[in-house]
Amino acid sequence: MNFSNLMLLDAASGAAAGTSSLFIIVIYIAIFAVLYFVMLRPQRKEQKQKAQLLSQLAVGDSVRTTGGFIGTVIDIDDETSTVIVEFGNNKNCRIPMVKDAIVEVEKPEDAVNKDNAKEEKSK
């Protein structure tokens, strides 16, 4: 082999290495894009929905907590992001909790609408 053949071989292997590194970068970008659309985007959407739900929280709303307790909101403190929720039939159990512990909110008018819908179905 002469010197010119060695130069051609070296240039070909360098081009192949450049192509393979570009291919690896493209693969990483594709994996990141798939992870973004499968995991991160739905999570952000869910966070926005929960923030909207908590921003519309009002006194008198029926709430379900992460622990599964169902109660009624009797006070909201926006400065500390806490609410006082009243639990039980006798309404003597009042517990302050963080707003983030609320999973589901039902407005009083929604409860009335559900009751009316149940009555209409039973007729």
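One is the number of the first residue; the rest follow in order along the sequence.
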Asks: Under a 4.5 Å cut-off applied to non-hydrogen side-chain atoms, are V85 and V63 in contact?
Replies: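 With C-beta onward as the side chain, the pair touches.
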Asks: Which of these passes side-chain contact (heavy atoms from CB on, under 4.5 Å) with I84: D75, V73, I76?
Replies: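 For I84, the side-chain contact (heavy atoms from CB on, under 4.5 Å) check succeeds only for D75.
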Asks: Do Q56 and Q52 have side-chain heavy atoms sitting under 4.5 Å apart?
Replies: yes
Asks: Are more than 12 heavy atoms from other residues, nucleotides or ligands located less than 6.0 Å from atom CD of E46?
Replies: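 12 or below, so no.
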Asks: Shared ILVMFWY cluster between V38 and I31, side chains joined below 4.5 angstrom?
Replies: yes
Asks: What I'd like to find out is whether the side chain of F87 reaches to under 4.5 Å of the side chain of T65, using heavy atoms alone.
Replies: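 Yes - at least one pair of side-chain heavy atoms lies under 4.5 Å apart.
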Asks: With a 4.5 Å cut-off on side-chain heavy atoms, are F69 and M97 touching?
Replies: no
Asks: Would you say the side chain of D61 lies within less than 4.5 Å of the side chain of P108, judging by non-hydrogen atoms?
Replies: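 Result yes, sub-4.5 Å side-chain heavy-atom pair found.
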Asks: Testing T82, L53, D78 for side-chain contact (heavy atoms from CB on, under 4.5 Å) with K99, which one passes?
Replies: D78
Asks: Between I70 and S62, is there a side-chain heavy-atom distance shorter than 4.5 Å?
Replies: yes
Asks: Are I27 and L35 joined in one hydrophobic group, where the rule is that I, L, V, M, F, W and Y side chains link up if heavy atoms are under 4.5 Å apart?
Replies: yes
Asks: Taking F32 as the starting point, is it possible to reach I25 by hopping between hydrophobic residues whose side chains are less than 4.5 Å apart?
Replies: no
Asks: When clusters are formed by joining ILVMFWY residues with side-chain heavy atoms under 4.5 Å apart, either directly or through shared neighbours, do V34 and M39 land in the same one?
Replies: yes
Asks: Roughly how far apart are I102 CD1 and K50 NZ, rounded to 0.5 Å?
Replies: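 The CD1 atom of I102 sits 8.5 Å away from the NZ atom of K50.
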Asks: Are R94 and I74 side-chain neighbours, meaning at least one heavy-atom pair lies under 4.5 Å?
Replies: yes
Asks: Would you give the length of the straight line joining atom CZ of R64 to atom CD of E106, rounded to the nearest 0.5 angstrom?
Replies: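 Interatomic distance, R64 CZ to E106 CD, rounded to 0.5 Å: 11.0 Å.
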